[in-house]
Trainee: 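This is the structure I have questions about; it appears just below.
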Protein chains: 2
Amino acid sequence: MRSVAGHENPPHSTSLTFRITNVRGCRYHTHMNVSSKPERTRLSAEDWELAALQLIAEQGVGALAVEALARQLGVTKGSFYWHFRTREALLHAALERWEQYGEREVLGQIEQITDPRKRLPELFRRVAHELQPHRVYAALLKALDHPQVVPVMARVSQRRMEFLTTAYREAGLPPGEALNRARLTYAAYVGFLQLNFTLGLPRINLEEFDAYVEHMIATLIPA
Amino acid sequence: MRSVAGHENPPHSTSLTFRITNVRGCRYHTHMNVSSKPERTRLSAEDWELAALQLIAEQGVGALAVEALARQLGVTKGSFYWHFRTREALLHAALERWEQYGEREVLGQIEQITDPRKRLPELFRRVAHELQPHRVYAALLKALDHPQVVPVMARVSQRRMEFLTTAYREAGLPPGEALNRARLTYAAYVGFLQLNFTLGLPRINLEEFDAYVEHMIATLIPA
DNA sequence: CGTTTACCATACGGAAGAGTATGGATTGCC
DNA sequence: GGCAATCCATACTCTTCCGTATGGTAAACG
């Protein structure tokens, strides 16, 4: 007889055994139909979290439904409710995972650039051309009414803003201006995410996009 | 005997008798509970559209439910489905109303400024200090996955972008730079909306905010 | 003043999705 | 091989919300 509100021995323990790479390949089917079960091994909580993040990136937080996710993974709800106590718990775990791993990819490489003058232009160009890892961020930006994503986004945005502020200071701006310039830069980044691969506003092509990025660099970064 | 899919004589006709001011005051209760019926006159389709826009501004497009709206207006669904054929029709009407009336307030005043050099700074300062009419736009920005809002936002953003582009040209920028500067400016505007009254990111106070606006003007507008 | 029109309440049907209960299948371990 | 832990399927319940059907009430109008 199971306990009323929970499992007897569920892996809900926020296990610190992080496996970054996936053990099973079953999270790369972007649009697989039902009756396509690529690998019918068992699932882990991590699989659910990664699939949740992928679904969030593609269709937004509002589309995160457990039965839809189960269909996509080739199982039913019964599997889900063994790994997670509730849908809210899955969202929490997925957001936590994203906050911990999804960051270092961009900011980690930039910190290795020693010359402070070269750092900001390189950051701009890299972010502009590697927009794929920012799709989750863009999706979460549209879910800021959701109480669970607000603190996560506040922390992430705060960290990025601080990074930008110190970068502008090291580039020669006085502290007050560096903070305001960081605000302006980050707002431009966020707005660009919204206007482009959620709305497809100017439907800009590649060479024109490069010109826009260089215009941004020339306008925002002090010589 | 009513027709199967529609009403006999419903005011669905997109009536061109525009009444901008509300006839009845019953759309200003931001959080009134049930059992508070301020004025129990009858409702019109316009009342529903205005209430829908207010609800969208406060809680987003996803919160636009007909039974919730009916509760807020002190009636039941029976009223709603007399005025509108479906929920989708209400959203369409509300968006159309917003697109037609919600614009001229800002851009109309700016166009009366004759000096092209003074126009952009004045636009920046006004938009920064009258953020209230932009709450619907911010809410719609978070609903860009919704198929109904995409064309509306595309049109509105396109018009604003073109306005910005010509303003920058009249301020002395060459055409290519004017377009890119308009992109940058509008992205900063959109990002600022997201980061501030959806996320409350830097929780900036008033005098610091004024300094930020002046910094924006100094950075983005050519001397 | 009564009839028509406009507006609303009540009650229902149905779909979608969260969460529960429970038994079955599979894996790891002794 | 057998037992226990792990993972999943099936079959429910409950809630929410869209939409329909239909009768009722208040306003408009002759």
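Lettering follows sequence order; numbering is per chain, from 1.
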Trainee: Go through the structure and list residues passing side chain to side chain donor-acceptor pair (under 3.5 Å) with Arg87(A), not counting sequence neighbours.
Mentor: none
Trainee: Taking atom P of dC17(D) as reference, at what distance in whole Å does atom CG of Leu69(B) sit?
Mentor: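 After rounding, the reported distance stands at 12 Å.
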Trainee: What pairs with Glu162(B) under salt bridge (charged side-chain N to carboxylate O under 4.0 Å, His left out), at least two apart in sequence or on another chain?
Mentor: none
Trainee: Can you tell me how far P of dC7(C) sits from CG of Leu73(B), to the nearest Å?
Mentor: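 Whole-Å distance recorded here is 14 Å.
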Trainee: Counting just side-chain N and O atoms, does His83(B) come under 4.0 Å of either OP1 or OP2 of dA6(C)?
Mentor: no
Trainee: Tabulate atom names and distances for all N/O pairs under 3.5 angstrom spanning the protein and nucleotides 17-19 of chain C.
Mentor:
unit_1, atom_1, unit_2, atom_2, d
dA18(C), OP2, Val66(A), N, 3.3
dG19(C), OP1, Thr86(A), OG1, 2.8
dG19(C), OP2, Tyr81(A), OH, 3.4
dG19(C), OP2, Thr86(A), OG1, 2.9
dG19(C), OP2, Arg87(A), N, 3.0
dG19(C), N7, Lys77(A), NZ, 2.9
dG19(C), O6, Lys77(A), NZ, 2.0

Trainee: Taking only residues two or more places apart in sequence, or in another chain, which ones meet Tyr168(B) in a ring-ring contact (aromatic ring centres under 6.0 Å, His included)?
Mentor: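 Tyr168(B): no ring-ring contact (aromatic ring centres under 6.0 Å, His included) contacts found.
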Trainee: Could you pull out all residues at least two apart from Tyr189(A) that satisfy side chain to side chain donor-acceptor pair (under 3.5 Å)?
Mentor: His134(A), Arg160(A)
Trainee: For Glu88(B), enumerate each residue passing the side chain to side chain donor-acceptor pair (under 3.5 Å) test, keeping only those at least two apart in sequence or located in another chain.
Mentor: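 Listed in chain order: nothing, the list is empty.
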Trainee: For Trp82(B) and dT22(D), give me the distance from atom CH2 to atom P, rounded to whole Å.
Mentor: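 Taking CH2 of Trp82(B) and P of dT22(D), I get 19 Å after rounding.
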Trainee: What residues form a side chain to side chain donor-acceptor pair (under 3.5 Å) with Gln148(A), not counting sequence neighbours?
Mentor: none
Trainee: Could you pull out all residues at least two apart from Glu122(B) that satisfy salt bridge (charged side-chain N to carboxylate O under 4.0 Å, His left out)?
Mentor: Arg126(B)
Trainee: Might you confirm whether atom NE2 of His146(B) has over 12 heavy atoms from other residues, nucleotides or ligands at distances under 6.0 Å?
Mentor: yes
Trainee: Give me the distances for all protein-to-nucleotides 25-30 of chain D N/O pairs that come in under 3.5 Å?
Mentor:
unit_1, atom_1, unit_2, atom_2, d
dA27(D), O4', Arg42(B), NH1, 3.4

Trainee: Expressed as a whole number of angstroms, how long is the span from Leu43(A):CG to dT27(C):P?
Mentor: 13 Å
